[in-house]
Amino acid sequence: MRIVTIPVGAIGTNCYLLISEGGHCYIIDPGAEAERIEARIEMEKVEPQGILLTHGHFDHIGAVDALKEKYGVEVFLGTADWRMSINPEQNASAAFGGPDVTAVPDEFLDGGETLMLDELRIEVLKTPGHSRGGVCFYIPDQYTLFSGDTLFCGGYGRCDLYGGDYAALMRSLSELMRLPEQCRVYPGHGGETTILREKTGGLI
C-alpha cells in the first residue's frame with residue numbers, strides 16, 4: 001500500500017491517492033485542481049477504481065466531475081450528504097465566494113460497509129458532526145484512517161456550517177479514539193497524526 005498526498009485548492013484540502021500493490025487506486029476527497037490530480041495519477045502509473053468522499057463540502061468535491069468523466073469511475077458519499085453535494089448553498093461554495101460547486105454521487109454509504117481495493121480492505125465508519133453524512137475510511141490491516149474533517153492533527157472540524165452538530169461530532173470523535181493507538185490518521189487538512197497523539201493531547 002502507498003499513500004500519495006496532494007494538497008489542493010485555496011484552503012489546502014488534502015486529496016489522497018490510496019494505491020494498492022496491484023497498481024490500482026482510490027481517489028479520496030479531490031477538492032480542486034483536477035488537472036494536477038490527473039498529472040499525479042499519470043506520474044504514479046496507477047489506475048483509479050473510484051472516488052471516495054468523506055463528506056460533501058465544496059472543498060472536498062470540486063474536482064469530482066472532471067475526474068469521474070476522465071476515468072469513468074463511481075463516486076461514493078455518505079447518504080445524508082448527497083443533497084448537500086448538489087446544492088451550492090448547503091455545501092458552502094456559495095458562501096465562500098467562489099464558483100458554485102456540485103458533485104453527483106453514484107453510491108451511498110451509511111457506515112458498516114466494506115470496500116475492497118485489491119488486497120486492501122477498507123471499512124466505512126459513520127462519523128457525523130462536521131456534516132450530517134460524514135464518513136471516515138479505515139484500513140484495519142494497515143492501521144490507517146482517512147478522517148476527512150472529523151479529526152485533524154490537534155483538532156477537529158467546525159460545526160457551524162450546514163448540517164453541523166457539535167454533540168454528534170463529539171460522539172464521532174469518541175468512537176475514533178477507540179481505534180488502535182498506533183493508527184495513522186490522514187486528515188482533510190493539515191499534517192498527519194496518530195490516534196495515540198490525539199488521545200494524549202486531550203482532544204476530547
Side-chain angles (χ1 to χ4, degrees), residues 8-9 11 13-18 25-32 48-65 67-68 73-96 100-117 120-140 144-152 155-179 183 185-189:
V8 297
I11 56 177
T13 301
N14 290 328
C15 172
Y16 296 103
L17 303 181
L18 172 62
C25 76
Y26 276 134
I27 306 167
I28 301 175
D29 286 354
Q49 300 295 294
I51 298 171
L52 308 184
L53 302 176
T54 59
H55 63 290
H57 285 143
F58 78 100
D59 56 318
H60 291 252
I61 66 172
V64 165
D65 286 350
L67 295 171
K68 180 179 177 179
V73 295
E74 293 188 325
V75 178
F76 295 76
L77 176 69
T79 301
D81 270 8
W82 79 268
R83 291 185 185 277
M84 183 171 75
S85 72
I86 62 174
N87 186 328
E89 295 294 332
Q90 295 180 6
N91 67 36
S93 58
F96 277 76
D100 287 350
V101 173
T102 61
V104 179
D106 302 292
E107 298 288 341
F108 299 102
L109 304 170
D110 293 299
E113 298 90 349
T114 298
L115 307 175
M116 298 299 299
L117 182 68
L120 300 175
R121 179 170 60 90
I122 305 160
E123 297 180 0
V124 180
L125 309 182
K126 186 175 182 178
T127 53
H130 178 64
S131 70
R132 291 176 180 172
V135 297
C136 295
F137 300 105
Y138 177 51
I139 309 173
T144 298
L145 177 74
F146 296 93
S147 62
D149 288 2
T150 298
L151 175 62
F152 298 139
Y156 47 83
R158 60 193 292 182
C159 303
D160 60 339
L161 299 175
Y162 176 85
D165 184 323
Y166 179 79
L169 181 58
M170 291 300 104
R171 290 192 294 271
S172 294
L173 290 169
S174 293
E175 289 300 313
L176 293 183
M177 292 303 108
R178 298 175 183 269
L179 295 175
C183 180
V185 179
Y186 294 85
H189 303 271

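- Remark: R158 engages D160 in a salt bridge (charged side-chain N to carboxylate O under 4.0 Å, His left out) (not counting sequence neighbours).
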How far apart are the C-alpha atoms of H130 and Y156, what are their side-chain angles, what is the distance that settles it, and do they pass the side-chain contact (heavy atoms from CB on, under 4.5 Å) test?
CA-CA 8 Å; H130 178 64; Y156 47 83; over 6 Å; no
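- Inter-residue side-chain proximity for V104 and I86 is flagged as met; some heavy-atom pair is nearer than 4.5 Å.
- Going from atom CH2 of W82 over to atom CG of N87 covers 10.5 Å, rounded to the nearest 0.5 Å.
- In this pair, H55 and H60 present their aromatic rings tilted. The plane angle is within the 30 to 60° band.
- At least one donor-acceptor pair closer than 3.5 Å links the side chain of Y26 to the backbone N or O of M116.
- Looking at M84 and I61, their side chains never come closer than 4.5 Å, going by heavy atoms from C-beta outward.
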Tell me, with the steps shown, if L125 and T150 meet side-chain contact (heavy atoms from CB on, under 4.5 Å).
CA-CA 11 Å; L125 309 182; T150 298; over 6 Å; no
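- Across I27 and C15, no two heavy atoms sit closer than the pair CG2-SG, 3.9 Å.
- A 6.0 Å sphere centred on OH of Y166 holds no more than 12 heavy atoms belonging to other residues, nucleotides or ligands.
- In this structure, S147 contributes its side chain and V185 its backbone to no donor-acceptor pair below 3.5 Å.
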Starting from the C-alpha separation in whole Å, work towards a yes-or-no answer on side-chain contact (heavy atoms from CB on, under 4.5 Å) for Y138 and I122.
CA-CA 5 Å; Y138 177 51; I122 305 160; over 6 Å; no
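- Of the possible polar contacts, none joining the S131 side chain to the G163 backbone as a donor-acceptor pair under 3.5 Å is found.
- Side-chain atoms of D29 come within 3.5 Å of backbone N or O of T54 as a donor-acceptor pair.
- The two residues L176 and C136 come nearest to each other via the heavy atoms CD1-SG, 4.2 Å.
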Checking side-chain contact (heavy atoms from CB on, under 4.5 Å) for the pair R132/D165: CA distance, chi angles, key distance, verdict?
CA-CA 8 Å; R132 291 176 180 172; D165 184 323; over 6 Å; no
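- Looking at residues two or more places apart in sequence or on another chain, you find no salt bridge (charged side-chain N to carboxylate O under 4.0 Å, His left out) involving D65.
- Enclosure of atom CD in E89 is not indicated, since only 12 or fewer non-hydrogen atoms of other residues, nucleotides or ligands lie within 6.0 angstrom.
- Annotation for Y162 and H57: closest pair O-NE2, 4.1 Å, computed over non-hydrogen atoms.
- In terms of heavy atoms, N14 sits closest to P187 at ND2-O, 3.0 Å.
- Taken from CG in L52 to CZ in F76, the straight-line distance is 6.5 Å, to the nearest 0.5 Å.
- Between the side chain of E175 and the main chain of L173, no donor-acceptor pair closer than 3.5 Å is present.
- Put simply, the side chain of D106 never gets that close to the backbone of E74: no donor and acceptor are under 3.5 Å apart.
- Remark: L115 CG to E123 CD distance equals 10.0 Å, nearest 0.5 Å.
- Residues G134 and D81 approach most closely at N-OD2, 4.0 Å, considering heavy atoms.
- No donor-acceptor pair closer than 3.5 Å links the side chain of D59 to the backbone N or O of G31.
- Interatomic distance, CG of L17 versus CD1 of I28, reported as 8.5 Å (0.5 Å rounding).
- Between P30 and T13 there is no side-chain heavy-atom pair separated by less than 4.5 Å.
- A donor-acceptor pair under 3.5 Å links the side-chain atoms of S172 to the main chain of P128, judged by distance alone.
- In plain terms, the two heavy atoms of Y16 and Y186 that are nearest each other are OH-C, 3.3 Å.
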